[in-house]
2 protein chains.
Amino acid sequence: MPNKRSIFREFMARNGLKWTKQREAILEEFLDSKEHLSTEALYLAIRSKHPHIGYATVYRTLKLFAESGIAEERDFGGGQVLYELSNRGDHHDHLICNGCGAIIEFEDQSIEKLQENVAREHQFKITSHRLEIFGLCAKCSSPKH
Amino acid sequence: MPNKRSIFREFMARNGLKWTKQREAILEEFLDSKEHLSTEALYLAIRSKHPHIGYATVYRTLKLFAESGIAEERDFGGGQVLYELSNRGDHHDHLICNGCGAIIEFEDQSIEKLQENVAREHQFKITSHRLEIFGLCAKCSSPKH
DNA sequence: CACCTTTTGAAAATCATTTTCATAGGGGGT
DNA sequence: ACCCCCTATGAAAATGATTTTCAAAAGGTG
Ligand SMILES: [Mn+2]
Ligand SMILES: [Mn+2]
Ligand SMILES: [Zn+2]
Ligand SMILES: [Zn+2]
C-alpha cells in the first residue's frame, strides 16, 4: 500500500521533476488538511510556517498533485477550484450546503450503475462524472437556528 | 400555456424593468437558438443583425432570462457559462463529449429518486442538483475515423 | 564540482464576467 | 404629447481566479 508521499515522489521521478523544499512543505500541509480546500486556503495555511513560498508555486504544486493522482480537483461553482486527497481509489459525490458551505460526501453504487446504463443507451464511453446536490444541510434547515 | 416571451415580459413588468429593443432582439435570437450556448456565441449571432448591441447587454440580458425562469445557466467547466432554454419544465442532466463537444441530454427518474434518498439519509434539503457525465460520444469513440 | 534542466517568486498577463459612468431611452402620470 | 424619474445601454475599465513570463536559484546526475 504505497502512501501518497511515495506515490507523488515516484510520479516526480518518473517525469524528471525535482523534489524541492517548497513541494515538500506544500505536500505535508496538504496531507494534514481535511476536506476540500482552495489554493488560497492552502497558501494561507502554509504561509505561517513558510512565508517565503509563493502563490504561484502553490497553484503549480496542487496541479501536480492532481496529475499524480494523489489529489482531485473539484469545481463546485464557488469561484475557486477546490482540492481534496484522493481516498483509496473510491469515487464519491457531494451534497453541498448553500447555508454554511458544508460539503457532505456520499457513495451510492445504485446511482453509479444507473449512470452506466444511461451511458450505454447512448453508446457513450464514460471517463468521469460528477453529481452534486445543492441545498441545506440538517443544521441549516432546522427551524431552531 | 404562457410562452417564454410572455413569461419574460411579465417578469420584467413585475420587477419594474423596461422593455427595450435590445432585450427584444436578444430574446428573439435566444429563442431561435438551439442547445447550449455561451454569451459570446449569442453575442456573435446577434451582432450580424444588430451591430450596435453591446457585449455587456447580452451578459446582463441572459442573466435576466435565467432569473425569470425562461433559461438555465450551466457550467460544464469549459471556461464559459452556457445558457439553454428551460424546456418542457422538466429537469434533465447531461452527457458531455470531450471529443467533439456534443452535449446529450437525458432524464432518469430512478436516478432522481435515489438522489432524494441520499439527501433524506443526510437530512439534507435539496434545492438543485447537477449530474454530468464526461467521456466520448458514439461518434467519437467509434474506431473508424 | 560542473552542467544542464527544472523551479521559484514576483510581477505581468489572461480571460470570462462584472462594474462604472455618462448618456439615452422607457413609461406612468399629467 | 410633455415631464420626470428611473432604468438601460455601450464602451471602457475593473475584477478576480488562474496562468504565464522571466531572471535568478536550486535539484540531481555523473
Ligand atoms: Mn469529496
Ligand atoms: Mn440541457
Ligand atoms: Zn449547512
Ligand atoms: Zn463526440
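A note on names: the letters A, B, ... follow the listed sequences, proteins ahead of strands, and every chain is numbered from 1. Because the structure is predicted, anything quoted here is derived from the model rather than measured.
Within the structure, every side-chain polar atom (N or O) of Tyr59(B) is placed at least 4.0 Å from both OP1 and OP2 of dT18(C). A sub-4.0 Å separation between OP1 or OP2 of dA16(C) and a side-chain N or O of Thr39(B) is absent. Taking side-chain N and O atoms only, Thr20(A) has no distance below 4.0 Å to OP1 or OP2 of dA26(D). The shortest distance between the side-chain N/O atoms of Gln22(A) and the OP1/OP2 oxygens of dG9(C) is below 4.0 Å.
In this structure, Lys49(B) pairs ionically with Glu29(B), as a charged nitrogen and a carboxylate oxygen lie closer than 4.0 Å.
The listed nucleotides are dA8(D), dG10(D), dT17(C); the one nearest the side chain of Gln80(B) is dT17(C). Nearest nucleotide to the side chain of Thr57(B), out of dA10(C), dT17(C), dT9(D): dT9(D). Of the candidates dT18(C), dT19(D), dA8(D), the closest approach to any side-chain atom of Leu17(B) belongs to dA8(D). Of all nucleotides listed (dA12(D), dA10(C), dT5(C)), dT5(C) comes nearest to the side chain of Lys18(A).
Nearer to the 5' terminus of DNA chain D, by closest-nucleotide assignment, is the contact made by Tyr83(A) (compared with the other of Tyr83(A) and Lys21(A)). If Thr61(A) and Leu82(B) are placed on DNA chain C by their nearest nucleotide, the residue sitting closer to the 5' end is Thr61(A). With the nearest nucleotide of DNA chain D identified for both Arg23(B) and Tyr55(B), Arg23(B) has the one nearer the 5' end.
In this structure, the NE2 atom of His52(A) is 14 Å from the C1' atom of dT7(C), given to the nearest Å. For Leu44(B) and dA16(C), the CG to P distance is 12 Å, given to the nearest whole Å. In this structure, the CG atom of Asn15(B) is 17 Å from the P atom of dC6(D), given to the nearest Å. Remark: P of dA8(D) and NZ of Lys63(B) are 16 Å apart, rounded to the nearest angstrom. If you take CD of Glu24(A) and P of dG27(D), they are 11 Å apart, rounded to a whole angstrom. The separation between Ile53(A) atom CD1 and dT7(C) atom C1' is 12 Å, rounded to whole Å. Look at CG on Leu64(A): it is 13 Å from P on dT6(C), rounded to the nearest Å. Computed from coordinates, the Glu67(B) CD to dT7(D) C1' distance equals 15 Å when rounded to whole Å.
Residue Arg60(B) is classed as a base contact, given a heavy-atom separation below 4.0 Å to a base.
Counted by atom type alone, Tyr83(B) and Glu72(B) present zero donor-acceptor pairs between their side chains at under 3.5 Å. In this model, no donor atom of one side chain and acceptor atom of the other lie less than 3.5 Å apart for Glu28(B) and His50(B).
Checked against a 6.0 Å centroid threshold, the rings of His94(A) and Phe76(A) count as neighbours.
Under the 30°/60° scheme for interplanar angles, the aromatic rings of Phe65(A) and Phe30(A) are found to lie parallel.
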